[in-house]
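Since the structure comes first, as structure tokens, the remarks are kept for the end.
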Amino acid sequence: QVQLVESGGGLVQPGGSLRLSCAASGDIFSISTMGWYRQTPGKERELVATITDSGRRNYAEFVKGRFTISRDNAKNTVYLQMNTLKPEDTAVYYCKTGATIRGNRYRYIEVWGQGTLVTVSS
């Protein structure tokens with residue numbers, strides 16, 4: 001029973017910036033790796049960036065130097081700072097987390113957010 005709520009998407013001009021947020025809630029024991037993925041019509045969902053529970057980051061080549069992923073463990077929240085946005089960045093952005101949840105037995109699950117639309121256009 002984990003929910004991810006995303007926010008921060010919208011319309012921005014080329015060269016502009018947006019900051020996406022994704023907060024996890026529920027009966028969570030711990031959060032492991034969190035990440036951001038994006039998808040456009042007719043394309044497979046692709047990895048944008050991930051960050052482990054220890055803070056190790058991994059970026060797709062097409063966003064290196066422009067996007068920064070970060071997390072606030074106290075708030076179970078992951079962020080994606082997107083700078084110098086390009087029209088090619090237009091997509092629905094989804095967050096994902098791995099979590100160990102409490103219950104009759106502890107178990108590990110992976111959960112997707114609902115997606116937030118980022119549109120980069122003049």
Side-chain angles (χ1 to χ4, degrees):
Q1 297 292 326
V2 175
Q3 299 81 42
L4 299 181
V5 179
E6 301 181 28
S7 62
L11 175 64
V12 65
Q13 293 185 332
S17 298
L18 286 173
R19 188 180 191 234
L20 307 183
S21 299
C22 177
S25 62
D27 197 9
I28 300 169
F29 175 74
S30 63
I31 298 287
S32 56
T33 299
M34 306 183 82
W36 291 95
Y37 300 74
R38 70 187 189 186
Q39 188 168 24
T40 57
K43 295 181 63 178
E44 297 292 325
R45 189 171 299 184
E46 61 184 354
L47 182 147
V48 177
T50 61
I51 182 168
T52 69
D53 54 357
S54 62
R56 183 173 294 275
R57 296 167 170 85
N58 179 53
Y59 295 99
E61 189 66 30
F62 56 82
V63 302
K64 282 185 176 179
R66 299 190 298 125
F67 293 6
T68 302
I69 188 170
S70 61
R71 64 190 288 166
D72 184 338
N73 291 330
K75 299 167 66 175
N76 288 335
T77 299
V78 63
Y79 306 93
L80 185 68
Q81 178 66 47
M82 304 185 293
N83 298 325
T84 58
L85 282 160
K86 306 174 181 179
E88 308 94 276
D89 295 319
T90 296
V92 177
Y93 285 72
Y94 297 89
C95 65
K96 180 185 178 182
T97 188
T100 299
I101 61 174
R102 296 184 178 92
N104 292 336
R105 296 171 293 179
Y106 285 21
R107 62 189 182 100
Y108 177 81
I109 61 171
E110 294 184 340
V111 181
W112 289 94
Q114 81 280 6
T116 184
L117 177 63
V118 172
T119 303
V120 185
S121 176
S122 299

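Worth knowing before you read on, the calculation uses all heavy atoms, side chains too, and leaves out hydrogens, waters and symmetry mates.
Pairs of residues two or more places apart, or lying in two chains, never qualify as salt bridge (Lys or Arg N to Asp or Glu O under 4.0 Å) while including a residue from residues 5-17. The list of ring pair (Phe, Tyr, Trp, His ring centres under 6.0 Å) pairs with a residue in residues 80-111, not counting sequence neighbours, reads F29-Y106. Contacts classified as disulfide (SG to SG under 2.5 Å) and involving residues 29-60 (residues at least two apart or in different chains) are not found. Within the structure, disulfide (SG to SG under 2.5 Å) pairs that include any residue of residues 55-97 comprise C22-C95 (at least two apart or interchain). Contacts classified as salt bridge (Lys or Arg N to Asp or Glu O under 4.0 Å) and involving residues 68-79 (residues at least two apart or in different chains) are not found. Within the structure, ring pair (Phe, Tyr, Trp, His ring centres under 6.0 Å) contacts touching residues 31-51 (residues at least two apart or in different chains) are Y37-W112. Within the structure, salt bridge (Lys or Arg N to Asp or Glu O under 4.0 Å) contacts touching residues 108-122 (residues at least two apart or in different chains) are K96-E110.
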Worked verdict on I28 versus N76 for side chain to side chain contact (heavy atoms under 4.5 Å, CB included): CA-CA 9 Å; I28 300 169; N76 288 335; 4.1 Å; yes
Run I31 and N73 through side chain to side chain contact (heavy atoms under 4.5 Å, CB included) and show every step you take. CA-CA 8 Å; I31 298 287; N73 291 330; over 6 Å; no
Tell me, with the steps shown, if L20 and V118 meet side chain to side chain contact (heavy atoms under 4.5 Å, CB included). CA-CA 9 Å; L20 307 183; V118 172; 4.1 Å; yes
So T33 and T97, side chain to side chain contact (heavy atoms under 4.5 Å, CB included) or not? Walk me through it. CA-CA 6 Å; T33 299; T97 188; over 6 Å; no
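From F67, atom CZ reaches atom CZ of R19 across 14.5 Å, with rounding to the nearest 0.5 Å. Considering OG1 of T40 and CZ of R45, their distance stands at 11.0 Å, rounded to 0.5 Å. For the atom pair CD (Q81) and OG (S17), the distance works out to 5.5 Å, reported to the nearest 0.5 Å. To the nearest 0.5 Å, atom CG of residue N83 and atom CG of residue L85 are 7.5 Å apart. In this structure, S25 OG and Q3 CD are separated by 4.5 Å, a value rounded to the nearest 0.5 Å. Put simply, CG on L4 and CE on M34 are 6.5 Å apart, with the number rounded to the nearest 0.5 Å.
Proximity of a side-chain donor or acceptor of T119 to a complementary backbone N or O of T90 within less than 3.5 Å is not detected. Within the 3.5 Å criterion, the main-chain N or O of V92 finds no donor-acceptor partner in the side chain of R38. Put simply, the side chain of T116 gets close to the backbone of G9: a donor and an acceptor are under 3.5 Å apart.
Under the 4.5 Å side-chain heavy-atom criterion for grouping Ile, Leu, Val, Met, Phe, Trp and Tyr, V111 is not connected to Y79 through any hydrophobic cluster. There is a path of hydrophobic side-chain contacts, each under 4.5 Å, that joins I109 to V78. Using a 4.5 Å cut-off between side-chain heavy atoms of Ile, Leu, Val, Met, Phe, Trp and Tyr, with links allowed through other members, V5 and L18 fall into different hydrophobic clusters.
Scanning for salt bridge (Lys or Arg N to Asp or Glu O under 4.0 Å) contacts around E61 gives K64, with sequence neighbours left out. Checked against salt bridge (Lys or Arg N to Asp or Glu O under 4.0 Å), R102 has the following partners two or more places apart in sequence or in another chain: D27. When the salt bridge (Lys or Arg N to Asp or Glu O under 4.0 Å) test is applied to R107, no partner is found at least two apart in sequence or on another chain. Applying the salt bridge (Lys or Arg N to Asp or Glu O under 4.0 Å) test to K43 and every residue at least two apart in sequence or in another chain returns nothing.
Minimum heavy-atom separation, A99 to S32: N-OG, 4.2 Å.
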Identify every side-chain donor-acceptor pair in residues 50-60 under 3.5 Å, counting partners at least two apart or on other chains, and give the distances.
residue	atom	partner	partner atom	Å
T52	OG1	S54	N	3.3
T52	OG1	S54	OG	3.1
T52	OG1	G55	N	3.4
T52	OG1	R56	N	3.1
R57	NE	I69	O	2.7
R57	NH1	G55	O	3.3
R57	NH2	I69	O	3.4
Y59	OH	I69	N	3.0

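Atom CD of E46 has more than 12 heavy atoms from other residues, nucleotides or ligands within 6.0 Å.
Counting heavy atoms from C-beta on, the side chains of L11 and S121 come closer than 4.5 Å.
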